[in-house]
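Heavy-atom basis, side chains included; hydrogens, waters and symmetry copies ignored.
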Amino acid sequence: MSNKTFLDIDDTILTKNLTLPETIAQEDNLLKQLDSKPFFIIQPTPGICVKAKTDGGEKIFLNICMSDKIPAPEDLSDTKLDELLSDEDPEFVLPMSIGSERLESDKGGSPCITYDIAINTTYCEKCQKKKTFMFFTIAIIMDGVANKFNKNLNRLDFVILKNRKVMGKLQPHRIEDRGPRTHLQARKPLIEEIKSSTNEICTKENIIDETESISSESINSKLNYVLLKQPLKGAATNLIGLFDMPKGIIGKDVEVLLDEDRIVITADKTGLTYDLSHPYTINVASVKCFLDKDLRVLRLDMPV
């Protein structure tokens, strides 16, 4: 399921002792930007605890918890749910807040990866009364966790724990004070592979001469990208995103998900993930994608 809504969580713990010196200044700038955004704190209450597994057999716990501060999704009828379940790519937006990854001990004392996922209280209570709604919701949540943390979860191998509502202690969520995102729209079929000899894609140097860079590169030195604005002065009419790709990647290996103010790029073959927000409103329907295999650059042309 590609349709989902995330309320971003600010993970405030950054371990500078494990950070290369040249990246510390970049992290400080990022923290200043995060601190300048309005936010609120929620303390979710227990709902249900789900024991799941990755495709490799690793045990994972999902604390599906509740808060009235999380927006409620569309009110689903039984008939509408049946329609969604029969659709390969159902259009349903579930607002959720996915917490940080942490370790909690299972009943045998073994540390296991655990996530807190907060959803709307009324909707969660409805799910607990109807198993079909609960299984549908768990599938969406597992998809959200898998995308955020690059985990391959087995959607068919999970158990709702009967005697435990939460694994460990629920953590507070710091959430940006903003409206819920619209669902992401898959753009993978529109990625066009091109050769360096064509003029369909420009190098970074060519574009920077005629545009304004609004973001240079991610904190992780292995994930380099540049987001450029046109024109140089005044209101933006177009954004150009250039994203470094690993060697050997082809168009079918890359999935690009977009909404109006968010870009998510994944290449499951290599584990690469870009996930960034920006202060513009993209015309998603008009976005074009180009992959230059020789330069190993993915280009997004995004009208604003």
Side-chain angles (χ1 to χ4, degrees), residues 1 4 6-20 27 39 41-70 94-121 123-175 219-220 222 266 268 270-273 275:
M1 301 179 186
K4 46 194 173 289
F6 294 109
L7 297 177
D8 287 343
I9 299 175
D10 171 25
D11 298 330
T12 57
I13 301 177
L14 291 174
T15 54
K16 289 188 176 181
N17 290 335
L18 301 179
T19 305
L20 295 175
E27 292 185 355
F39 67 91
I41 303 293
I42 66 170
Q43 179 60 59
T45 57
I48 65 168
C49 183
V50 175
K51 181 174 70 174
K53 291 183 179 179
T54 65
D55 289 341
E58 180 184 20
K59 190 191 312 183
I60 288 177
F61 289 104
L62 306 174
N63 290 325
I64 301 178
C65 45
M66 306 179 291
S67 173
D68 291 332
K69 298 294 181 66
I70 303 294
L94 176 63
M96 68 179 84
S97 175
I98 303 177
S100 304
E101 181 177 293
R102 69 178 192 276
L103 294 177
E104 296 287 353
S105 297
D106 63 11
K107 63 180 181 180
S110 300
C112 296
I113 293 175
T114 303
Y115 304 102
D116 297 342
I117 304 94
I119 61 176
N120 177 265
T121 299
Y123 179 78
C124 187
E125 291 173 346
K126 178 181 179 179
C127 289
Q128 293 182 65
K129 295 175 183 177
K130 295 188 176 183
K131 289 186 177 180
T132 308
F133 280 86
M134 179 56 74
F135 292 155
F136 174 68
T137 300
I138 290 173
I140 296 176
I141 288 173
M142 292 177 73
D143 191 55
V145 171
N147 278 279
K148 180 170 182 177
F149 295 99
N150 197 28
K151 295 282 186 182
N152 293 319
L153 301 185
N154 188 332
R155 271 68 165 180
L156 301 178
D157 189 4
F158 67 86
V159 176
I160 300 174
L161 302 185
K162 295 182 178 180
N163 300 319
R164 183 185 288 271
K165 291 185 177 182
V166 62
M167 181 62 66
K169 182 179 179 181
L170 293 178
Q171 303 298 309
H173 290 215
R174 171 174 169 166
I175 303 176
I219 289 177
N220 186 337
K222 294 182 180 179
T266 57
D268 291 338
T270 63
L272 175 144
T273 300
D275 189 345

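- Note on residues 152-168: pairs passing side-chain hydrogen bond (donor to acceptor under 3.5 Å, both in side chains), not counting sequence neighbours, are D143-R155.
- Rounding to the nearest 0.5 Å gives a distance of 9.5 Å between CE of M142 and CD1 of I64.
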Derivation of the side-chain contact (heavy atoms from CB on, under 4.5 Å) call for I42 and I70: CA-CA 9 Å; I42 66 170; I70 303 294; 3.9 Å; yes
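- Remark: the backbone N or O of D68 is paired with a side-chain donor or acceptor of T121 at under 3.5 angstrom.
- Using a 4.5 Å cut-off on side-chain heavy atoms (C-beta onward), P46 and N63 make no contact.
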Audit row: V145, I60, side-chain contact (heavy atoms from CB on, under 4.5 Å) steps and yes/no: CA-CA 11 Å; V145 171; I60 288 177; 5.8 Å; no
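- We find the OG-CE distance between S67 and M96 to be 14.5 Å, quoted to the nearest 0.5 Å.
- Pairs engaging residues 124-140 under the side-chain hydrogen bond (donor to acceptor under 3.5 Å, both in side chains) rule: D75-K126, D78-K130, Y123-T137 [sequence neighbours left out].
- Applying the side chain to side chain donor-acceptor pair (under 3.5 Å) test to D106 and every residue at least two apart in sequence or in another chain returns K59.
- Annotation: salt bridge (Lys or Arg N to Asp or Glu O under 4.0 Å) contacts of E101 (sequence neighbours excluded): none.
- Between the SG atom in C127 and the CD1 atom in I48 there is a gap of 8.0 Å [rounded to 0.5 Å].
- Residues I138 and I160 have side chains in contact (heavy-atom distance under 4.5 Å, counting atoms from C-beta outward).
- Going from atom SG of C124 over to atom CE of M134 covers 5.0 Å, rounded to the nearest 0.5 Å.
- A salt bridge links R102 with D116: the distance from a Lys NZ or Arg NE/NH1/NH2 to an Asp or Glu carboxylate oxygen falls below 4.0 Å.
- Shown here for G271 and N150, the closest heavy-atom pair between the two residues is O-ND2, 3.1 Å.
- Contacts of T266 classified as side chain to side chain donor-acceptor pair (under 3.5 Å), with partners at least two apart in sequence or in another chain: none.
- When every heavy atom of C49 is checked against every heavy atom of V166, the shortest pair comes out as CB-N, 3.9 Å.
- Residue pairs meeting the side-chain hydrogen bond (donor to acceptor under 3.5 Å, both in side chains) criterion with at least one member in residues 46-58, sequence neighbours excluded, do not occur.
- Separating the CG atom in L94 from the CD1 atom in I140 is a distance of 5.0 Å, to the nearest 0.5 Å.
- Partners of N120 by side chain to side chain donor-acceptor pair (under 3.5 Å), not counting sequence neighbours: none found.
- Taking each heavy atom of P172 and Q43 in turn, the nearest pair found is CG-OE1, 3.3 Å.
- Across every non-hydrogen atom of L170 and T45, the tightest pair is CD1-C, 3.6 Å.
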Audit row: I113, F149, side-chain contact (heavy atoms from CB on, under 4.5 Å) steps and yes/no: CA-CA 11 Å; I113 293 175; F149 295 99; over 6 Å; no
